[in-house]
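What follows is a set of notes on a single structure, which appears directly below.
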Amino acid sequence: MPSVTPDQLSQTIVDALNALANRGSIAVSEGAIPAAVKVERPKNKEHGDYATNVALQLSKQAGLKPRDLAELLAQELKGREAISAVDIAGPGFINITVAAAAQGEIARAVVEVGSAYGTSDRFAGKRINLEFVSSNPTGPIHLGGGRWAPVGDSLARVFTAMGADVTREYYFNDHGAQIDRFSASLLAVAKGEDPPEDGYVGSYITDIVEQVVAAHPSVVDMPDDQAREVFRREGVELMFAEIKQTLRTFRVDFDVYFHEQSLHDSGAVERAIQRLTEMDNTYEAEGALWLRSEKYGDDKDRVIVKSDGHPAYISADLAYYLDKRERGFDLVVIMLGADHHGYVGRLMAMCQAFGDTPHENLEVLIGQLVNLVRDGQQVRMSKRAGNVVTLDDLIESVGVDAARYALVRYSSDSSIDLDLDLWARASSDNPVYYVQYAHARLASILRNATELGLAPAGQDFDPSLLSHPREGDLLRALAEFPRVLAAVAELREPHRLARYLEATAATFHRFYDVCRVLPHGDEDATDLHRARLLLVDATRIVFARGLQLLGVTAPERM
RNA sequence: GCGCCCGUAGCUCAGCUGGAUAGAGCAAUGGACUUCUAAUCCAUCGGUCGCAGGUUCGAAUCCUGCCGGGCGCGCCA
């Protein structure tokens with residue numbers, strides 16, 4: 001008997017609908033029957049293992065009352081293999097109970113494919129560029145951009161699991177006025193002066209000055225222009241190194257570190273502007289060159305070359321986007337903090353001005369702000385950075401696993417307050433420990449089984465033995481995993497994976513509480529022991545894979 | 001003034017892109033370890049889903065208008 005996943009159940013229902021239509025039992029036209037129907041897991045256990053609302057959806061077209069259509073469909077489904085009971089409830093829901101044997105097969109199916117379980121080819125052939133964090137090299141990574149570090153990385157991992165060809169990219173804004181302010185700030189501190197207006201402050205500035213002076217003692221005797229240049233070059237280099245180190249510590253490995261300066265040096269900016277001009281998407285006015293962004297949905301037209309002849313900030317973004325597309329990416333995703341959401345309109349307009357399709361070739365994801373809370377008080381100032389809270393602050397307070405998990409656990413649409421005391425705690429209050437503990441427990445059972453010389457059921461596996469309600473719950477949870485990964489990829493929402501793992505951890509702990517896996521003392525091992533061991537094996541695989549996709553370690557012991 | 005995000009239990013947040021009696025953790029109270037990790041489990045308590053309309057078989061979810069909070073609205077980057 002094949003295993004029953006929600007997708008397979010959906011297919012079974014579609015087949016049943018087609019059978020009814022072909023027989024003329026329902027008057028639904030060929031194309032009206034969907035390729036897939038919604039199969040849900042009812043919250044109420046009395047509503048079976050799975051439920052579908054398809055009778056409610058199709059009743060109007062079929063010219064039948066929902067319950068009558070449900071009745072016809074239920075009769076059609078009843079004879080099907082793997083389905084043990086079909087009931088109609090409420091306005092026309094069809095509640096399905098799956099045969100234990102078919103459900104038990106899920107354990108075998110998971111173990112057979114191992115860590116590949118849940119992957120698919122739905123993004124096969126798609127080349128995706130993910131740009132995230134992209135914190136300026138004028139200071140440590142702040143939490144606005146830092147929130148995207150684990151989220152973007154996790155998305156990359158899931159896209160890859162869906163067959164996509166993914167590039168993680170970090171954009172260094174190492175050109176322009178802010179870098180000037182940065183080097184001016186370094187110089188001022190070196191000379192014992194107050195930093196300039198809009199300058200950068202914080203102990204990290206002093207650190208950099210000390211390092212630059214130590215490496216280049218002569219800098220203190222240079223004229224300001226020369227000294228500023230040394231501070232600029234060396235200071236930015238030190239910030240690059242520090243940012244990369246933070247990311248490495250955080251287990252976020254970028255494939256490309258892209259420097260804004262290179263777009264200006266290579267002439268890419270001019271080429272992009274020329275391209276837009278050829279497409280009649282620019283015009284000159286008031287001494288500046290403008291992009292016709294309003295025509296493509298932006299609030300207003302935007303200056304791309306200022307009246308002083310210097311390119312505006314957006315000009316590099318034009319060139320950068322074009323560069324990504326020319327490198328062959330079908331989809332360009334840019335992840336920004338909420339403080340940059342005002343930029344979305346012009347980015348989308350830019351995309352369209354190049355002849356591309358917004359939301360298809362370019363997506364901009366906005367992450368709301370992250371606050372840190374300690375002792376019930378919002379952490380406002382960083383020792384390091386003076387005016388912002390940094391990713392390093394979070395990592396130092398709670399560790400890499402908890403920091404990654406805490407940032408990836410919530411919808412990016414919500415601003416969040418992270419309680420540092422909670423996330424630093426090694427207890428069940430802390431969701432990351434709760435999930436990791438489930439994995440450690442599973443690993444422990446498998447370890448003990450090995451010591452007992454007991455192996456999971458193999459060819460002789462009898463899936464119908466896994467008939468305990470807790471086993472059914474756990475099997476259905478495992479069957480959800482592919483759907484969860486698909487939702488994460490489609491919606492670009494990795495927090496769904498974290499929530500799934502938490503719910504599945506709870507399901508597993510409940511199973512563990514009442515279903516003894518290994519034989520007691522000198523008891524002989526039965527087929528049930530070995531079947532449950534297979535289920536444990538499958539569950540551990542899902543936790544290991546899920547945690548890996550979140551970039552969080554899956555400990556063997558805790 | 002305009003735009004984006006949020007508003008769900010005392011607190012922190014989910015809610016499978018419209019489904020059935022709205023969920024979890026924490027906090028509070030009371031239980032469960034001679035057996036695979038108690039970093040666990042069970043029970044109880046806790047709600048006008050910000051407010052008001054609308055759409056339909058059905059709305060926390062979609063639409064409109066208010067209220068409240070966050071963040072933005074530059075020839076800065």
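Note that the coordinates shown come from a computational prediction; the quantities given were computed from them, not determined experimentally. A note on names: the letters A, B, ... follow the listed sequences, proteins ahead of strands, and every chain is numbered from 1. Side-chain atoms are counted along with the backbone in the values below, which use heavy atoms only and exclude waters and symmetry mates.
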The criterion is side-chain contact (heavy atoms from CB on, under 4.5 Å); which residues satisfy it with Ala89(A), sequence neighbours excluded?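 Only Asn95(A) meet the side-chain contact (heavy atoms from CB on, under 4.5 Å) criterion with Ala89(A).
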Have a look at [X] and say if it touches a base, only the backbone sugar-phosphate, or nothing, with a 4.0 Å heavy-atom cut-off.
{"X": "Tyr343(A)", "value": "base"}
{"X": "Lys300(A)", "value": "sugar-phosphate"}
{"X": "Leu369(A)", "value": "sugar-phosphate"}
{"X": "Asp301(A)", "value": "nothing"}
{"X": "Arg499(A)", "value": "sugar-phosphate"}
{"X": "Asp339(A)", "value": "sugar-phosphate"}
{"X": "Tyr410(A)", "value": "sugar-phosphate"}
{"X": "Glu502(A)", "value": "nothing"}
{"X": "Arg557(A)", "value": "base"}
{"X": "Ser307(A)", "value": "base"}
{"X": "Ala449(A)", "value": "nothing"}
{"X": "Ser59(A)", "value": "nothing"}
{"X": "His310(A)", "value": "nothing"}
{"X": "Ala338(A)", "value": "sugar-phosphate"}

Has [X] got a side-chain N or O lying under 4.0 Å from the OP1 or OP2 atom of [N]?
{"X": "Lys306(A)", "N": "A77(B)", "answer": "yes"}
{"X": "Ser414(A)", "N": "A14(B)", "answer": "yes"}
{"X": "Lys38(A)", "N": "G19(B)", "answer": "yes"}
{"X": "Arg441(A)", "N": "A38(B)", "answer": "yes"}
{"X": "His495(A)", "N": "G15(B)", "answer": "yes"}
{"X": "Arg510(A)", "N": "C42(B)", "answer": "yes"}
{"X": "Arg496(A)", "N": "G15(B)", "answer": "yes"}

Side-chain H-bond candidate by donor/acceptor type, [X] with [Y], under 3.5 Å:
{"X": "Arg374(A)", "Y": "Ser397(A)", "value": "yes"}
{"X": "Tyr296(A)", "Y": "Arg292(A)", "value": "no"}
{"X": "Asn136(A)", "Y": "Gln178(A)", "value": "yes"}
{"X": "Gln378(A)", "Y": "Asn371(A)", "value": "yes"}
{"X": "Asn430(A)", "Y": "Tyr405(A)", "value": "no"}
{"X": "Gln436(A)", "Y": "Asp401(A)", "value": "yes"}
{"X": "Asp49(A)", "Y": "Thr97(A)", "value": "no"}

Rounded to whole Å, please give me the gap between [atom1] in [X] and [atom2] in [N].
{"X": "His509(A)", "N": "C41(B)", "atom1": "NE2", "atom2": "P", "value": "5 Å"}
{"X": "Arg67(A)", "N": "A20(B)", "atom1": "CZ", "atom2": "C1'", "value": "12 Å"}
{"X": "Tyr434(A)", "N": "A38(B)", "atom1": "OH", "atom2": "P", "value": "13 Å"}
{"X": "Asp317(A)", "N": "G74(B)", "atom1": "CG", "atom2": "P", "value": "17 Å"}

Using only modelled atom types and a 3.5 angstrom limit, is any donor from either the side chain of Asp174(A) or the base of A77(B) paired with an acceptor on the other? no
So, does the side chain of Asp419(A) form a donor-acceptor pair with the base of U12(B) at under 3.5 Å? no
Considering only the [atom1] atoms, how many Å lie between [N] and [M], rounded to the nearest integer?
{"N": "C49(B)", "M": "C41(B)", "atom1": "C1'", "answer": "30 Å"}
{"N": "A14(B)", "M": "A24(B)", "atom1": "P", "answer": "16 Å"}
{"N": "A9(B)", "M": "G18(B)", "atom1": "C1'", "answer": "24 Å"}
{"N": "U21(B)", "M": "A60(B)", "atom1": "C1'", "answer": "15 Å"}
{"N": "G23(B)", "M": "U8(B)", "atom1": "C1'", "answer": "10 Å"}
{"N": "G72(B)", "M": "G65(B)", "atom1": "P", "answer": "25 Å"}
{"N": "C71(B)", "M": "G54(B)", "atom1": "C1'", "answer": "30 Å"}
{"N": "G50(B)", "M": "C6(B)", "atom1": "P", "answer": "12 Å"}

Is there a ring pair (Phe, Tyr, Trp, His ring centres under 6.0 Å) between His509(A) and Tyr434(A) once you walk through the steps? CA-CA 10 Å; His509(A) 288 310; Tyr434(A) 185 75; 5.1 Å; yes
Can you give the dot-bracket line for RNA chain B, where a pair is Watson-Crick or G-U wobble with both atom distances under 3.5 Å, crossing pairs use [ ], and | marks a partner on another strand? (((((((..((((.....[...)))).(((((.......))))).....(((((..]....))))))))))))....
Please report the closest heavy-atom contact between Met239(A) and Pro140(A), naming both atoms and the distance. CE-N, 3.5 Å
Give the C-alpha distance, both sets of side-chain angles, the deciding distance and a yes or no for ring pair (Phe, Tyr, Trp, His ring centres under 6.0 Å) between His259(A) and Phe172(A). CA-CA 5 Å; His259(A) 294 250; Phe172(A) 276 120; 5.3 Å; yes
Syn or anti: how is C33(B) classified when any glycosidic angle within 90° of 0 counts as syn? syn
Contacts under 3.5 Å, N or O only, protein and nucleotides 56-62 of chain B:
{"residue": "C57(B)", "atom": "OP1", "partner": "Lys60(A)", "partner atom": "NZ", "Å": "3.2"}

Both Asn448(A) and Pro431(A) contact RNA chain B. Which one's nearest nucleotide lies toward the 5' end? Pro431(A)
If we require ring centres under 5.5 Å and near-parallel planes under 30°, does His340(A) stack on G72(B)? no
Does G19(B) have Phe93(A) stacked on its base, where the ring centres are within less than 5.5 Å and the planes differ by under 30°? no
